[in-house]
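All figures in this text were calculated on a predicted structure; none of them were measured in a lab.
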There are 2 protein chains.
Amino acid sequence: MRHPPEQKSRSREKLVRASASLAKQQGFAGSGVDALVSAAGFTSGAFYRHFEGKDELLSSIVETELEATRARFSTLEPRNEEQLLLALDAYLSLAHVRHPEAGCVLPPLASEVGRAPHETKKVFERALSELMAVLSEKVGDSSAAFALLNQCVGAVMIARGLATDNAKHEVLAAARQSVRASLASLRMRPPPQGTF
Amino acid sequence: MRHPPEQKSRSREKLVRASASLAKQQGFAGSGVDALVSAAGFTSGAFYRHFEGKDELLSSIVETELEATRARFSTLEPRNEEQLLLALDAYLSLAHVRHPEAGCVLPPLASEVGRAPHETKKVFERALSELMAVLSEKVGDSSAAFALLNQCVGAVMIARGLATDNAKHEVLAAARQSVRASLASLRMRPPPQGTF
DNA sequence: GTCTATATTACGATAGAC
DNA sequence: GTCTATCGTAATATAGAC
């Protein structure tokens with residue numbers, strides 16, 4: 001967000017994608033710049049030709065990752081409950097809990113955005129609003145879409161902190177059940193904007 | 001959890017409580033040991049007489065903080081929907097979002113537990129299960145209690161990453177609405193274990 | 001038990017060669 | 001654009017005085 005008319009270089013993209021995986025795994029504050037860039041096969045000297053500093057990298061990671069999440073939900077049909085449940089069940093799976101590096105950016109990094117510079121929060125807010133626009137369309141209700149996101153993100157984050165698979169499963173199963181109940185109650189209470 | 005029969009010293013307690021506030025504000029990985037202990041008025045030399053290392057401090061913070069959260073919910077009457085809603089609305093408030101240092105440990109630090117040693121996760125799992133035992137009693141349904149926790153934790157964490165109050169409010173309002181819907185559907189579907 | 005001082009390593013960032 | 005080398009700082013942890 002620092003270089004408005006910039007043509008995103010191939011190296012910069014590679015840097016963002018590789019460092020995103022590492023940051024989702026080890027945390028952003030917990031990963032040094034050297035480790036972050038060498039995950040993409042570069043050294044720190046190259047990094048600072050693409051980014052003003054570490055802060056700008058977090059902005060780019062968040063933006064790119066939320067856009068990727070948005071893209072995945074974009075393929076669903078609007079208000080197709082079956083499709084939506086399939087996607088949410090995948091989100092609320094043990095596989096997702098076990099592989100943060102390949103998963104959604106929100107459970108591992110949202111709390112770090114809360115401590116980041118205001119510039120990063122602005123990027124986060126914009127990218128999240130675009131994700132929520134898509135999710136709201138698929139769910140059919142904006143408030144319900146936010147609540148589904150909160151539920152899913154909270155469940156995966158908490159499950160990752162637990163020691164045993166039994167406990168992880170308990171949290172995930174509760175979330176899946178809650179998601180089903182939310183969608184079912186939405187089904188009974190049809191569209192807020194009557195199109196008749 | 002390293003010193004099983006230990007009598008927790010006054011200094012150790014002070015160290016844990018003060019460093020918990022700082023860690024909730026700045027992150028645990030983002031806070032140096034010096035900053036953590038000087039928040040309690042000590043220097044790092046004293047710290048290592050009480051803890052084996054930084055990892056053990058995180059375990060203690062998580063344990064102490066989850067116990068504090070448990071204590072706050074313990075005062076509620078079981079299945080008193082009005083009381084419960086009051087507590088959840090306070091959790092889902094802008095004040096809570098704005099003051100992580102005084103708030104629940106889960107939104108700011110749960111993701112760090114996910115990257116912590118297994119020992120820390122065991123402490124987390126035990127302390128969380130005690131919290132959930134209390135919360136389940138107040139809610140009247142264990143699975144619903146987990147879902148309420150997921151919802152609240154996710155909402156506060158995401159709200160903290162947003163730039164504007166409008167956006168924060170949107171996330172919190174959606175969570176409060178979802179919480180109300182969950183409790184209402186629980187009200188209609190009475191106790192699973194029929195006491196007749 | 002706590003402090004001061006310090007060893008050692010890691011971090012964020014820059015300089016200069018290529 | 002990228003690398004190597006490095007500067008200055010801050011990190012985790014320890015030693016030894018009190």
TODO: Enter the distance from B:Ile61:CD1 to B:Leu57:CG here, rounded to the nearest 0.5 Å.
DONE: 4.0 Å

Open item on the list: Using a 4.0 Å heavy-atom cut-off, does A:Gly32 contact any base of the nucleic acid, only the sugar-phosphate backbone, or nothing at all?
Closed with: sugar-phosphate

- [ ] Figure out the CG/P separation between A:Leu15 and D:dC3, and round it to whole Å.
- [x] 10 Å

- [ ] Using whole Å, report how far CD of B:Glu13 lies from P of C:dG1.
- [x] 13 Å

- [ ] May I have the distance from B:Phe51 (atom CZ) to C:dG1 (atom C1'), rounded to whole angstrom?
- [x] 14 Å

Open item on the list: Need one value for B:Gly41: base, sugar-phosphate or nothing, where a base atom within 4.0 Å counts as base even if backbone is also close, heavy atoms only.
Closed with: sugar-phosphate

- [ ] Could you state the atom-to-atom distance from CG of B:Asp34 to P of D:dT9 in whole Å?
- [x] 16 Å

TODO: Grab the CG-C1' distance between A:Leu58 and C:dC11 for me, whole Å please.
DONE: 17 Å

Open item on the list: Please tell me whether A:Arg12 and A:Ser60 have a donor and an acceptor in their side chains that are separated by less than 3.5 angstrom.
Closed with: yes

Task: Distance in angstrom units between A:Lys54 NZ and C:dA10 P, rounded - done: 15 Å

TODO: Could you work out which one of C:dT4, C:dG1, D:dT2 sits closest to the side chain of A:Ala46?
DONE: D:dT2

Task: Atom-pair distance (CG on A:Asp55; P on C:dC11), nearest Å - done: 16 Å

Task: Nucleotide of D:dG1, C:dT2, C:dG1 approaching A:His50 most closely (side-chain heavy atoms) - done: D:dG1

- [ ] Select base, sugar-phosphate, or nothing to describe what A:Phe47 touches, counting heavy atoms under 4.0 Å on all strands.
- [x] nothing

TODO: Select base, sugar-phosphate, or nothing to describe what B:Ser38 touches, counting heavy atoms under 4.0 Å on all strands.
DONE: nothing

Task: Heavy-atom donor-acceptor pair, B:His50 side chain to B:Val16 backbone, under 3.5 Å - done: no

Open item on the list: Using OP1 and OP2 only, check whether a side-chain N or O of A:Ser11 sits under 4.0 Å from D:dT2.
Closed with: yes

- [ ] For residues B:Phe28 and B:Val113, determine if any side-chain heavy atom of one lies less than 4.5 Å from a side-chain heavy atom of the other.
- [x] no

Open item on the list: For A:Arg49 and A:Ser44, find the nucleotide of DNA chain D closest to each by heavy atoms; which residue's nucleotide sits nearer the 5' end?
Closed with: A:Arg49

Open item on the list: Any side-chain N or O of B:Tyr48 below 4.0 angstrom from OP1/OP2 of D:dT14?
Closed with: no

- [ ] Calculate the interatomic distance between B:Glu56 atom CD and D:dT12 atom C1'; express it in whole Å.
- [x] 15 Å

Task: Electrostatic pair A:Glu67-A:Arg70, nearest N-O below 4.0 angstrom - done: yes

